[in-house]
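Source: prediction; values computed, not measured.
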Amino acid sequence: MRDLTELIDVEEPAWPLVSAELATGEVHVDLLPVDPERGRRALLQLQITARSWLGGIVLNCGGLVLDSGWLRVYGSPGDDGPGGLPGVVALPSLAEVNGFPGHFDPAWRPRDALVVAHDVLGGVFTVNGPDPQAAGRPGEPGEVVYFAPDSLRWDALGTGYGPWLAWLLTGGMDQFYETLRWPGWRAETGALSGTQGLSFVPFLWSADARRDLAATSRRAVPLAELLGVNRDFCQELDSVDPGFLGDI
């Protein structure tokens with residue numbers, strides 16, 4: 001186990017690189033203020049250094065809200081949420097979403113994988129743990145995988161956390177969600193809180209929704225409810241438990 005000093009005092013910390021990407025990226029991003037103590041506790045529990053992009057986000061950032069609230073990337077926010085920034089939603093912390101212990105526990109490990117982001121559709125981005133196959137996930141250890149609400153399955157993205165986040169910031173979201181957006185989506189997603197998502201009728205995975213997404217009926221629901229519905233459908237339709245999707 002490394003102590004906090006070893007994790008923070010590193011050569012070439014990632015945060016300056018992350019900050020540059022945030023400033024020059026093609027996607028609008030709201031950067032939430034960090035709670036420094038919460039960030040240090042999370043870094044210590046994860047046992048990753050500030051040289052990694054994930055470590056940089058956890059230590060220096062309260063979270064990221066991308067593209068009119070479409071995607072929420074978790075960090076270490078202060079208790080006052082977005083600090084009064086107009087139009088910016090508050091997010092739970094990475095520690096809360098993943099059920100970190102209240103105090104440092106060297107024996108604790110994330111369940112299945114580490115949940116790092118949710119989108120408004122109920123999609124889940126996680127970083128694989130050391131044995132993805134045992135957790136029922138595709139991909140390699142440390143790889144980012146996505147639970148897709150339009151297919152109810154996990155997809156490996158072929159990259160780690162840093163390249164994944166850089167790709168999102170430089171326009172990757174438009175390509176990734178090309179078939180899952182409809183006219184006027186920004187107005188709907190921008191009105192949501194940081195713990196809400198959109199429920200679709202017919203469901204996103206249905207043939208009707210695939211045929212005409214704009215014709216679906218959509219309403220705001222707690223994201224926890226949306227994740228629970230997706231999990232239930234996985235078990236009912238495919239007899240597969242998708243595993244941990246985050247506590248939110």
Side-chain angles (χ1 to χ4, degrees), residues 22 25-32 61-75 77 81-94 96-97 115-126 144 146-155 157 164-165 167-234 242 245-248:
L22 292 173
E26 301 174 22
V27 176
H28 177 77
V29 181
D30 290 314
L31 173 64
L32 305 189
C61 173
L64 305 174
V65 181
L66 281 68
D67 221 1
S68 300
W70 185 277
L71 181 66
R72 301 87 180 251
V73 179
Y74 299 114
L85 296 176
V88 180
V89 300
L91 297 181
S93 69
L94 182 84
E96 291 168 327
V97 170
V115 175
V116 293
H118 286 112
D119 61 39
V120 297
L121 308 177
V124 188
F125 291 93
T126 72
V144 176
Y146 177 66
F147 177 78
D150 60 326
S151 66
L152 301 179
R153 70 181 186 188
W154 290 99
D155 295 319
L157 302 187
W164 162 76
L165 184 55
W167 172 72
L168 291 176
L169 295 173
T170 53
M173 289 183 67
D174 288 339
Q175 174 188 357
F176 191 76
Y177 292 110
E178 183 178 8
T179 62
L180 292 171
R181 286 175 167 176
W182 59 96
W185 64 266
R186 287 186 186 276
E188 295 181 48
T189 61
L192 301 175
S193 77
T195 56
Q196 288 182 311
L198 288 173
S199 174
F200 289 72
V201 178
F203 295 106
L204 272 179
W205 45 263
S206 70
D208 289 339
R210 292 173 182 270
R211 191 162 40 245
D212 190 355
L213 188 62
T216 58
S217 173
R218 300 170 296 277
R219 65 183 180 93
V221 298
L223 188 55
E225 176 183 322
L226 192 56
L227 296 175
V229 168
N230 286 340
R231 179 183 291 110
D232 290 345
F233 274 123
C234 278
L245 300 178
D247 289 330
I248 190 168

Counting only N and O atoms by type, is there a donor-acceptor contact under 3.5 Å from the side chain of E225 to the main-chain atoms of P222?
-> no

Do the side chains of L245 and V115 get nearer than 4.5 Å, heavy atoms only?
-> no

Heavy-atom closest pair, residues L91 and P77 | O-CG, 3.4 Å

Please report the C-alpha distance between C61 and L32 in whole Å, then the side-chain angles of each, then the deciding distance to 0.1 Å, and finally whether the side chain to side chain contact (heavy atoms under 4.5 Å, CB included) criterion is met.
-> CA-CA 6 Å; C61 173; L32 305 189; 5.8 Å; no

R153, CZ atom: more than 12 neighbouring heavy atoms under 6.0 Å | no

Can you find a heavy atom in the side chain of L227 that is under 4.5 Å from one in the side chain of H118?
-> yes

Heavy-atom closest contact (A148 atom, D155 atom, distance) | CB-OD2, 3.9 Å

Considering all heavy atoms, the nearest F176-Y146 contact | CZ-CD2, 3.5 Å

Side chains of R72 and L192: closer than 4.5 Å at any heavy-atom pair?
-> yes

Short question: side chain of Q196, backbone of S193 - any donor-acceptor pair under 3.5 Å?
-> yes

Any side-chain heavy atom of W167 within less than 4.5 Å of one from Q175?
-> yes

From T170 atom OG1 to E26 atom CD, the distance as rounded to the nearest 0.5 Å = 6.0 Å

Would D67 and R181 pass as an ion pair if we require N to O under 4.0 Å?
-> yes

Under 3.5 Å, which donor-acceptor pairs link side chains of residues 202-209 to any protein atom two or more places apart or in another chain?
from : atom 1 : to   : atom 2 : distance (Å)
S206 : OG     : F203 : O      : 2.6
S206 : OG     : A209 : N      : 3.2
D208 : OD1    : R211 : NH2    : 2.2

4.5 Å side-chain heavy-atom contact, L165 and L64 = yes

Any side-chain heavy-atom pair from L157 and F125 closer than 4.5 angstrom?
-> yes

Correct closest heavy-atom pair for P242 and F147 would be CB-CE1, 3.8 Å

Output the distance between atom CD1 (I248) and atom OG1 (T195), rounded to the nearest 0.5 Å.
-> 6.0 Å

Under a 4.5 Å cut-off applied to non-hydrogen side-chain atoms, are V116 and V73 in contact?
-> no

List the steps and the verdict of side chain to side chain contact (heavy atoms under 4.5 Å, CB included) for L66 and M173.
-> CA-CA 9 Å; L66 281 68; M173 289 183 67; 3.7 Å; yes

So OG1 of T189 and CZ of R218: to nearest 0.5 Å the spacing works out to 11.0 Å

Taking every non-hydrogen atom, the tightest pair across P92 and Y74 | O-CD2, 3.4 Å

Nearest 0.5 Å, what's the CZ-OG distance between R210 and S151?
-> 7.0 Å

Is there a donor-acceptor contact under 3.5 Å linking the side chains of Y177 and D119?
-> yes

Rounded distance [0.5 Å steps], CG in L169 versus CG in L22 = 5.5 Å

Looking only at heavy atoms, the pair that brings P149 and N230 closest together is CB-ND2, 3.9 Å

Is there a ring pair (Phe, Tyr, Trp, His ring centres under 6.0 Å) between W182 and F200 once you walk through the steps?
-> CA-CA 12 Å; W182 59 96; F200 289 72; 5.5 Å; yes

Given side chain to side chain contact (heavy atoms under 4.5 Å, CB included), test D150 with L180 step by step and report yes or no.
-> CA-CA 8 Å; D150 60 326; L180 292 171; 4.0 Å; yes

Should V65 and V29 count as side-chain neighbours, where that means a heavy-atom distance under 4.5 Å?
-> no

